[in-house]
**Q** 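Here it is, the structure, as structure tokens.
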Amino acid sequence: QVQLVESGGGLVQAGGSLRLSCTASGGSFSSYAMGWFRQAPGKEREFVAAVSRSGYSTSYAAFVKGRYTISRDNARNTVYLQMKSLKPEDTAVYYCNTPSEAFVWGQGTQVTVSS
């Protein structure tokens, strides 16, 4: 079974950037489209971005508005989320999974954006 480990979160000032990583083990990573989700305090988990198996096709939630880029490196079994122009409302725990949420959730990585 695939295990997911997110990393790269932290505390950043508004307008700053972060790159999140999600490394998968225990399965054939390249067989799955992958995505990022986030959960803000008091909110339900929401979709952020997705990337196809090949990495050539991506999709984003409307709130991204060009600020995030999802990518993957199948040789490293890793999905990335490059975030720029961060806003306080981006504060959340960020998780990776398939777009259909097929795998067990990892612990996520905390992103905190200060004003």
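What's counted below: heavy atoms across the whole structure, side chains too, no hydrogens, waters or symmetry copies. Note that this is a predicted model, so its numbers are computed, not measured.
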**Q** Where the side chain of S52 meets the backbone of S57, is there a donor-acceptor pair that is under 3.5 Å apart?
**A** yes
**Q** CZ/R19 to CG/L81 distance, rounded to the nearest 0.5 angstrom?
**A** 11.0 Å
**Q** Grab the two heavy atoms, one from S17 and one from S85, that are nearest each other, plus how far apart they are.
**A** OG-N, 4.4 Å
**Q** Does the side chain of V104 reach to within under 4.5 Å of the side chain of L4, using non-hydrogen atoms?
**A** no
**Q** Minimum heavy-atom separation for L18 to V12, with atom names?
**A** CD1-CG1, 4.0 Å
**Q** Are more than 12 heavy atoms from other residues, nucleotides or ligands located less than 6.0 Å from atom CD of Q13?
**A** no
**Q** Give a yes or no on whether the backbone of C96 and the side-chain of E6 come within a donor-acceptor separation of less than 3.5 Å.
**A** yes
**Q** Is it true that F103 and V5 fall in one hydrophobic cluster, defined by side-chain heavy atoms closer than 4.5 Å?
**A** no
**Q** Can you confirm whether more than 12 heavy atoms, excluding those of E101, are under 6.0 Å from its CD atom?
**A** yes
**Q** I would like to know whether T78 and T23 meet side-chain hydrogen bond (donor to acceptor under 3.5 Å, both in side chains); could you show each step before the answer?
**A** CA-CA 4 Å; T78 300; T23 299; 3.3 Å; yes
**Q** Starting from F47, can I reach W36 by hopping between I/L/V/M/F/W/Y residues whose side chains sit under 4.5 Å apart?
**A** no
**Q** What's the shortest heavy-atom distance between A50 and P99, and which atoms?
**A** CB-CG, 4.0 Å
**Q** When hydrophobic residues are tied together by side-chain contacts of less than 4.5 Å, even through go-betweens, does V64 share a cluster with Y95?
**A** no
**Q** Within 45° of the axis and under 6.0 Å from the centre of the six-membered ring of Y32, does NZ or CZ of R53 qualify?
**A** no
**Q** Please report the shortest heavy-atom distance between V2 and A24, naming the atom on each side.
**A** CG1-CB, 4.0 Å
**Q** Between F37 and W105, is the gap from one ring center to the other below 6.0 Å?
**A** yes
**Q** Taking S31's backbone N and O only, do any of them form a donor-acceptor pair with N74's side chain (distance below 3.5 Å, no angle check)?
**A** no
**Q** Nearest 0.5 Å, please: how far is OG1 in T69 from NZ in K84?
**A** 6.5 Å
**Q** Mark yes or no for whether R67, through its side chain, and F63, through its backbone, hold a donor-acceptor pair below 3.5 Å.
**A** yes
**Q** Using only atom types and a distance under 3.5 Å, with no angle test, would you say the side chain of T109 pairs donor to acceptor with the backbone of G9?
**A** yes
**Q** Hey, are the side chains of Q82 and Y68 touching, using non-hydrogen atoms and a 4.5 Å cut-off?
**A** no
**Q** Between the side chain of Y60 and the main-chain N/O of I70, is any donor-acceptor distance below 3.5 Å?
**A** yes
**Q** Could you tell me which non-hydrogen atom of S114 sits nearest to which non-hydrogen atom of L11, and how far apart they are?
**A** CB-CD1, 4.4 Å
**Q** Give every residue pair that meets the disulfide (SG to SG under 2.5 Å) criterion with at least one member in residues 41-82, sequence neighbours excluded.
**A** none
**Q** Evaluate the side-chain contact (heavy atoms from CB on, under 4.5 Å) criterion for residues Y94 and R45: first the C-alpha distance (whole Å), next the side-chain angles of each, then the deciding distance (0.1 Å), finally the verdict.
**A** CA-CA 9 Å; Y94 285 71; R45 203 185 329 255; over 6 Å; no
**Q** Hey, is CD on Q107 packed in by over 12 heavy atoms from elsewhere, all under 6.0 Å?
**A** no
**Q** What distance separates Q110 CD from R38 CZ, expressed to the nearest 0.5 Å?
**A** 11.5 Å
**Q** Can you tell me how far apart SG (C22) and CZ (R72) are? Round to the nearest 0.5 Å.
**A** 9.5 Å
**Q** Please test D73 against Y80 for side-chain contact (heavy atoms from CB on, under 4.5 Å), starting from the C-alpha separation and ending with a verdict.
**A** CA-CA 8 Å; D73 185 342; Y80 302 97; 4.0 Å; yes
**Q** Quick one: side chain to side chain contact (heavy atoms under 4.5 Å, CB included) partners of N77, sequence neighbours excluded?
**A** F29
